[in-house]
> 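The following block contains the structure, expressed as structure tokens.
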Amino acid sequence: MSESYKRKTVRWIAGAAVVAAVVGVTGCSKKAESDSGVKKKPASSSSGAGAKKGAGAADSQPSKPRQATAEEAVASWVTAVVKNKPKEGCLVMGVPAHGSTPAKVGSPERCDSDAPDIRQMHKSVKMYHKSFTPKQSTGDPKVEVAKTPATGDKVMVPADKITVDGQTLDKVMVSNSTGVKQGQLDMKVEASKIKDAWYMSNLDFNIG
């Protein structure tokens with residue numbers, strides 16, 4: 001296992017390449033270094049926020065119900081991944097405005113479409129699904145996310161502040177890995193506030 005993965009912020013779809021490469025889907029590979037990247041910050045522990053359907057990932061108008069908190073958005077997305085339901089994950093994802101590019105959040109029409117990025121998202125959810133799902137899972141996960149301080153309109157939730165059926169997400173991912181040890185994995189799920197609602201917007205990833 002290489003420890004040379006550099007710290008970069010990754011788009012969540014590109015981050016699936018990291019998951020596939022080093023957290024148990026296809027074994028270790030340096031391909032992830034060119035396809036995506038990683039970024040490290042400290043992490044904490046887990047409790048509290050419900051998961052429900054929301055809106056998030058690709059259209060200019062939000063769908064309802066929206067996620068009222070960052071923790072809700074993260075819990076909803078992780079729940080959709082563990083259930084292997086890409087559309088539910090798509091609906092709670094969003095892209096903040098950047099420069100002249102307006103913010104975008106999901107809609108049922110967009111998330112049902114055959115657009116290339118939506119097809120790729122479906123494939124990526126399957127990769128995350130394998131790594132995020134605890135062994136002995138019933139397929140109906142209880143996901144909780146601890147209250148996490150915001151920096152402006154962004155919240156970075158460490159994997160050890162997210163629990164899936166009582167296990168922290170970092171431990172679940174390590175247990176599903178092909179060589180990653182506890183303490184080597186540092187992943188955070190980013191939530192962003194867009195149009196007065198919260199959406200899963202990105203991942204930070206570091207291995208080694």
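Heavy atoms only: backbone and side chains are in, while hydrogens, waters and symmetry mates are out. The model shown is predicted, which means the values in this text are computed figures rather than measured ones. One-based numbering along the sequence shown.
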> Kindly indicate, with the supporting measurements, whether the criterion side-chain contact (heavy atoms from CB on, under 4.5 Å) is fulfilled by Glu88 and Val92.
CA-CA 7 Å; Glu88 290 183 12; Val92 76; over 6 Å; no
> Sequence neighbours excluded, which residues qualify as salt bridge (charged side-chain N to carboxylate O under 4.0 Å, His left out) partners of Asp114?
Arg119
> Does any part of the side chain of Pro96, heavy atoms only, come nearer than 4.5 Å to the side chain of Lys154, both counted from C-beta?
yes
> Considering residues at least two apart in sequence or located in another chain, which fulfil the side-chain hydrogen bond (donor to acceptor under 3.5 Å, both in side chains) criterion with Asp170?
Thr168, Gln182
> Could you grab the distance from atom SG of Cys111 to atom CE of Met121, nearest 0.5 Å is fine?
5.5 Å
> Please give me the minimum heavy-atom distance between Ile194 and Val105, naming the atom from each residue.
CG2-CG1, 3.8 Å
> Do Leu203 and Val189 touch side chain to side chain, with heavy atoms closer than 4.5 Å?
yes
> Return the set of residues passing side-chain hydrogen bond (donor to acceptor under 3.5 Å, both in side chains) with Lys181 (not counting sequence neighbours), or none when no residue passes.
none
> What heavy-atom pair brings Ile118 and Cys90 nearest, and what distance separates the two atoms?
CD1-SG, 4.0 Å
> Please report the interatomic distance OG(Ser192) to CE(Met156), rounded to the nearest 0.5 Å.
8.5 Å
> Would you mind reporting whether Leu169 and Phe132 have side-chain heavy atoms less than 4.5 Å apart?
yes
> Taking side-chain hydrogen bond (donor to acceptor under 3.5 Å, both in side chains) as the test, write out the residues that go with Thr148, two or more places apart.
none
> Which residues satisfy the salt bridge (charged side-chain N to carboxylate O under 4.0 Å, His left out) test with Asp112, sequence neighbours excluded?
Lys87
> Can you name the one residue among Val81, Val74, Thr79 that meets side chain to side chain contact (heavy atoms under 4.5 Å, CB included) with Trp77?
Val81
> So, taking the atom named NE2 in His122 and the one named CG in Asn84, what distance separates them when rounded to the nearest 0.5 Å?
10.0 Å
> Taking side-chain contact (heavy atoms from CB on, under 4.5 Å) as the test, write out the residues that go with Ala97, two or more places apart.
Ala103
> Any salt bridge (charged side-chain N to carboxylate O under 4.0 Å, His left out) involving residues 131-143? Give me the pairs, sequence neighbours left out, ordered by first then second residue.
Lys83-Asp140, Lys142-Glu144
> With a 4.5 Å cut-off on side-chain heavy atoms, are Val172 and Thr133 touching?
no
> So, for Asp165 and Pro141, which heavy atoms are closest and what is the spacing to 0.1 Å?
OD1-CA, 3.4 Å
> Who pairs with Lys171 by salt bridge (charged side-chain N to carboxylate O under 4.0 Å, His left out), at least two apart in sequence or on another chain?
none
> Taking only residues two or more places apart in sequence, or in another chain, which ones meet Ala70 in a side-chain contact (heavy atoms from CB on, under 4.5 Å)?
Val155, Ala191, Trp198
> Within the structure provided, determine whether Met173 and Val164 are in side-chain contact (heavy-atom separation under 4.5 Å).
no
> Quick check for you: to the nearest 0.5 Å, what is the distance between Glu71 atom CD and Lys161 atom NZ?
8.5 Å
